[in-house]
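Take a look at the structure set out below.
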Amino acid sequence: MTLLSERYRVDDAVYGDAAISVHRGHDQVLNRGVTIEVLKPGPVDASIAAALRDKARRMAVTELPNVAALYDQGEENGRPYLVFEELQGAPLAEIAPLAPDEVVTLVAALNATLRAAKNAQAPLPHLDGSSVRFVDSRTQIVDWGIAPDSGPSADDPATVGQLLALAATGSPTGEGGRPAPAPIMRIINRAQTGQYASTLVLEDELRAATSTADDPTIAIPRARPTMVLPREEKRPARAPGPAKAAQRLTRVPAETARGARSPRWLLPVGAGLLLLLGLLAGARWLRNTSMTSTQAAATPAATVGAAQPTTGAPAQGKPYVVATRDGQRLNVRNGPGTRNPVVGVVTNGTVVRVIEGPVAGGGFNWVHIRGGGVDGWAVLEALRQQ
């Protein structure tokens with residue numbers, strides 16, 4: 001243990017290279033834990049010392065979200081040092097794989113850092129399994145060392161895809177680790193092969209895949225009986241005598257007024273008629289259900305209107321919200337036009353992104369969308385720009 005400028009206690013080293021070492025420390029004035037980056041003892045390399053000072057000025061002007069904040073900077077015996085906030089959690093490489101909801105939280109935090117760096121035109125800290133830390137749904141990126149002259153772009157799906165694979169499976173390539181749910185593995189494979197042009201699209205599809213990864217398959221309802229047969233009446237123990245018969249004949253008008261009992265031979269006939277009516281009603285119901293399903297499959301959305309003249313092409317890559325007129329689900333097809341097969345459906349309120357279009361077909365304007373777990377063509381009139 002040593003003291004730095006009589007204020008900071010320097011404890012164990014947690015990182016180091018040829019010129020720089022990083023230590024856990026303690027601010028004795030404010031009584032809080034810190035992280036200290038300082039040049040190693042020995043001859044001072046002027047270029048590295050200047051790079052550390054430039055790094056301190058840059059971080060003082062631009063604070064990126066989720067990046068460990070810079071608290072202080074100074075020099076001791078000609079060696080510049082930087083003081084950061086205390087380290088949180090453990091490196092991602094040591095705690096992966098994470099739960100699916102934690103994976104979404106991590107990717108969202110990385111995207112927020114990437115977007116802020118791009119908007120501020122600031123250099124991006126190095127992102128890998130050791131510089132990204134995670135604990136209690138909080139992501140911390142530690143900006144150790146000197147930034148290289150050329151690093152990943154501020155919107156690099158390959159970098160996010162590699163961290164996604166590490167977080168979901170424990171392997172930076174997605175191979176050899178713990179298998180993630182199938183929808184998430186498909187996103188990992190697409191990211192590894194460079195099929196995403198934007199990390200925002202990757203995040204949207206990851207959210208949709210995570211929300212449906214554990215959903216059960218469609219449950220088939222149990223069949224319900226169409227009719228209930230009446231119970232057979234008990235036969236009398238013996239036939240009534242002549243006196244009883246005569247008495248019953250004299251009571252026929254009164255019983256008829258109250259509702260006389262049906263002859264016994266009508267029971268099987270009535271049961272047969274009820275059964276026949278039930279079968280006819282069931283056949284009619286099945287025919288109507290089949291016609292309704294066919295019509296629904298042929299229609300892009302339940303209440304999407306006919307194509308209207310468009311004032312211009314939709315903004316490519318921008319988020320849109322599914323908004324059909326009566327809240328029905330929107331059919332997504334493998335090409336523009338109602339004759340193309342349906343490849344999926346999305347519900348009202350789902351956020352998607354327009355990839356290309358519009359293209360007229362079948363009386364509608366079609367655009368290529370991606371998001372909500374689907375990738376295909378849908379009617380433009382059923383979308384509203386977010």
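Counting begins at 1 with the first residue of the sequence. Scope of the values below: all heavy atoms of this structure, side chains included, with no hydrogens, waters or symmetry mates.
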Does the side chain of [Y] come within less than 4.5 Å of [X]'s, by heavy atoms?
{"X": "V34", "Y": "H26", "answer": "no"}
{"X": "V107", "Y": "N111", "answer": "yes"}
{"X": "T35", "Y": "V22", "answer": "yes"}
{"X": "P80", "Y": "L39", "answer": "yes"}
{"X": "L330", "Y": "T350", "answer": "no"}
{"X": "D72", "Y": "D27", "answer": "no"}
{"X": "V132", "Y": "L163", "answer": "yes"}
{"X": "R9", "Y": "L3", "answer": "yes"}

Verify whether one side chain among [X] and [Y] offers a donor that lies under 3.5 Å from an acceptor in the other.
{"X": "Q140", "Y": "N66", "answer": "no"}
{"X": "T193", "Y": "Q195", "answer": "yes"}
{"X": "T210", "Y": "D101", "answer": "no"}
{"X": "T169", "Y": "S171", "answer": "no"}
{"X": "Y15", "Y": "S130", "answer": "no"}

Pair R186-E205, side chain to side chain contact (heavy atoms under 4.5 Å, CB included): steps then yes or no: CA-CA 10 Å; R186 284 194 291 269; E205 294 193 6; over 6 Å; no
Should W377 and I369 be marked as a side chain to side chain contact (heavy atoms under 4.5 Å, CB included) after you check the CA-CA gap, both sets of side-chain angles, and the distance that decides it? CA-CA 6 Å; W377 291 79; I369 65 172; over 6 Å; no
Is it the case that one hydrophobic cluster holds both [X] and [Y], taking links as side-chain heavy atoms less than 4.5 Å apart, direct or via other members?
{"X": "V103", "Y": "V135", "result": "no"}
{"X": "I355", "Y": "L206", "result": "no"}
{"X": "V322", "Y": "V351", "result": "no"}
{"X": "V332", "Y": "V321", "result": "no"}

Looking only at atom types and distance, does a side-chain atom of [X] sit under 3.5 Å from a main-chain N or O of [Y], one as donor and one as acceptor?
{"X": "E76", "Y": "S5", "answer": "yes"}
{"X": "R370", "Y": "V352", "answer": "no"}
{"X": "D17", "Y": "A19", "answer": "yes"}
{"X": "E102", "Y": "A99", "answer": "yes"}
{"X": "H368", "Y": "G357", "answer": "no"}

Just how far is it from atom [atom1] of [X] to atom [atom2] of [Y], taken to the nearest 0.5 Å?
{"X": "H126", "Y": "W144", "atom1": "NE2", "atom2": "CH2", "result": "11.5 Å"}
{"X": "L64", "Y": "M59", "atom1": "CG", "atom2": "CE", "result": "7.5 Å"}
{"X": "L106", "Y": "R138", "atom1": "CG", "atom2": "CZ", "result": "13.5 Å"}

Any Lys/Arg nitrogen of [X] or [Y] sitting under 4.0 Å from an Asp/Glu carboxylate oxygen of the other?
{"X": "E85", "Y": "R24", "result": "no"}
{"X": "D143", "Y": "R58", "result": "yes"}
{"X": "E75", "Y": "R79", "result": "no"}

Test: R384 cationic atom under 6.0 Å from Y320 six-membered ring centre, within 45° of axis: no
Which residue in the set V379, V354, V359 passes side chain to side chain contact (heavy atoms under 4.5 Å, CB included) when paired with V367?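 In the set V379, V354, V359, the residue that makes a side chain to side chain contact (heavy atoms under 4.5 Å, CB included) with V367 is V354.
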Once the angle between the rings of Y81 and Y8 is folded into 0 to 90°, is it parallel (under 30°), tilted (30 to 60°) or perpendicular (over 60°)? perpendicular
Could you check L200 against R115 for side chain to side chain contact (heavy atoms under 4.5 Å, CB included), going step by step and ending with a plain yes or no? CA-CA 10 Å; L200 293 177; R115 289 195 300 270; 3.0 Å; yes
Considering residues, nucleotides and ligands other than R339, do more than 12 of their heavy atoms fall under 6.0 Å from its CZ?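 Counting other residues, nucleotides and ligands, CZ of R339 stays at 12 neighbours or fewer.
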Evaluate whether atom CD of E63 has more than 12 neighbouring non-hydrogen atoms of other residues, nucleotides or ligands under 6.0 angstrom away.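 Counting other residues, nucleotides and ligands, CD of E63 stays at 12 neighbours or fewer.
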Could you check K55 against L82 for side chain to side chain contact (heavy atoms under 4.5 Å, CB included), going step by step and ending with a plain yes or no? CA-CA 9 Å; K55 175 181 174 181; L82 307 181; 3.9 Å; yes
